[in-house]
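Note sheet for the following structure.
Whatever order the structure lists ligands and atoms in, that order sets their numbers, starting from 1. The analysis underlying the following values was restricted to heavy atoms, covering all of them including side chains, and did not include hydrogens, waters or symmetry mates.
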Amino acid sequence: MSPTPVTFGLPTQPASYTWEATDEEVAARYGVPIDEILRFDLNTSPQPPALAARILAEGEFEAPLSEYPPSDYRRLVETAARVYGVGTDELLVGAGADEILDLVGKAFLPAGGRAVVPIPTYAMYRVITEQRGATMIAVPRLGRADDYRLDLPATRAAAADADLVWLCSPNNPTGLPEPDGAIAELLDGVAADADAAGRAPAIVLLDEAYAEFVGRSLLDLRFEHPNLVIARTASKAYALAGLRVGFAVARQETIERIAPYRPPGSVSTVSVTVVNAALDEPSAMAANVARVEAERTRLTDALRAAGWDVGPTVTNFLLIDFGTPARAAETATGMLRRGLVPRTFGEGHPLAHCLRLTIRDRAGDDRLIAAAREIEGERR
Ligand SMILES: Cc1ncc(COP(=O)(O)O)c(C=O)c1O
């Protein structure tokens with residue numbers, strides 16, 4: 001049982017994303033002062049880059065706030081294309097990676113179609129698939145001993161009659177990237193099978209929301225694979241989740257198939273201006289990645305010393321294995337009583353025995369470490 005209020009999907013309602021309890025709900029339910037609540041469930045960064053406050057204070061945006069943002073987001077597209085090393089016609093702006101995923105679903109997943117989802121992974125792939133009226137073909141990833149890697153033969157086989165394959169590397173919530181060459185091998189296999197069957201290959205959406213933390217990207221695979229779409233975001237390493245800016249990168253002809261689904265002005269002028277500056281001045285992002293790296297080692301070591309089974313990760317979150325769903329739920333309750341909000345996985349989820357926790361800053365992580373020691377102490 002999840003210790004936080006969750007939204008259960010009814011068969012008559014569309015599939016929907018499930019959030020953890022809000023700060024207000026946690027405060028009310030556990031009697032914790034609201035300003036003491038710290039969120040470990042969202043994989044965000046504790047602080048936005050200083051340039052955000054500077055630009056907001058100056059109040060000079062790309063266009064007057066009385067107007068809509070530029071319809072082509074031209075300056076942002078130019079900056080992002082330069083930063084990612086792609087052409088301006090190979091990139092599309094969306095309201096976060098989430099809107100990119102939604103647009104890809106609209107463009108490539110017809111009602112009655114099929115989408116491959118290697119599980120466990122980011123929940124939105126299933127939500128979007130089901131909201132499109134398509135069928136999710138769930139392909140279990142390998143187990144923990146194999147770093148939850150993709151089951152390449154099974155994923156390839158499932159892709160043979162699919163419209164879309166959702167990939168995520170580094171994978172949320174398991175924390176590691178696919179090994180070198182694995183996704184290229186899968187794309188080659190999907191292309192060969194489609195060729196042999198005389199059909200177009202499935203579109204492969206590769207979600208690289210956490211790519212900056214691992215320092216490499218598979219963007220170059222688009223040259224060989226026009227069916228590849230890569231999603232990137234300003235939410236994670238750039239620490240600007242509240243601005244809601246993400247990107248799709250693919251070959252021009254593929255971007256042209258997604259673009260008609262783009263809503264007018266879903267990304268605000270403020271967001272366009274600040275993210276443009278953040279991409280243009282990547283030192284703050286690099287410092288955030290370095291900070292996460294140092295904190296990741298410190299937090300992992302301290303939680304392991306407290307008795308928690310922390311898995312390997314290259315990202316800004318940890319996956320912690322508590323052995324049983326009951327023990328994970330008990331730990332989540334222990335954290336919530338202390339005002340710390342974990343990401344839980346509901347009953348029946350393949351990771352119901354785990355919690356996912358964001359790496360925050362030193363002070364926040366110290367509260368988590370203290371909580372882990374106390375919770376383990378109480379269990380003895
Ligand atoms: C794998 C993955 N993709 C996409 C998102 C959403 O990113 P955005 O904030 O850019 O919509 C998240 C957020 O947690 C994520 O973990």
Between [X] and ligand 1, which part of the residue brings a heavy atom under 4.0 Å of the ligand: side chain, backbone, both or neither?
X    : result
M124 : neither
A97  : both
E99  : neither

Quick one: which of R74, R75, R82 gives a salt bridge (charged side-chain N to carboxylate O under 4.0 Å, His left out) with E78?
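Of the listed residues R74, R75, R82, the salt bridge (charged side-chain N to carboxylate O under 4.0 Å, His left out) partner of E78 is R74.
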
Taking only heavy atoms of [X], which atoms of ligand 1 are found under 4.0 Å from at least one of them?
X    : answer
N172 : 1 (C), 15 (C), 16 (O)
S235 : 8 (P), 9 (O), 10 (O)
Y210 : 1 (C), 14 (O), 15 (C), 16 (O)
C168 : 1 (C)
A209 : 2 (C), 3 (N)

What about F317 and F40, are their ring centers closer than 6.0 Å?
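So the answer is no for these two rings.
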
For [atom], grab the closest protein heavy atom and report residue, atom and distance to one decimal in Å.
atom                    : answer
atom 11 (O) of ligand 1 : R244 NH2, 2.7 Å
atom 14 (O) of ligand 1 : K236 NZ, 2.7 Å
atom 2 (C) of ligand 1  : D207 OD2, 3.4 Å

Judged by modelled atom types alone, do [X] and [Y] share a side-chain donor-acceptor pair under 3.5 Å?
X    : Y    : value
N172 : R356 : yes
E62  : T273 : no
R379 : T331 : yes

Establish, yes or no, whether the cationic atom of R337 lies under 6.0 Å from the six-membered ring centre of Y30 and within 45° of the ring axis.
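No - R337 does not lie over the ring of Y30 by the 6.0 Å and 45° rule.
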
Looking at non-hydrogen atoms alone, which of T358, L42, D98, T233 comes nearest to atom 6 (C) of ligand 1?
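The residue whose heavy atom sits nearest atom 6 (C) of ligand 1 is D98.
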
How is the hydrophobic cluster of V314 composed, in terms of its other members, when Ile, Leu, Val, Met, Phe, Trp and Tyr link through side-chain heavy atoms under 4.5 Å apart, directly or indirectly?
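Besides V314, the cluster holds L176, V214.
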
Mind checking whether V165 and Y125 have side chains closer than 4.5 Å, heavy atoms only?
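They are not in side-chain contact.
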
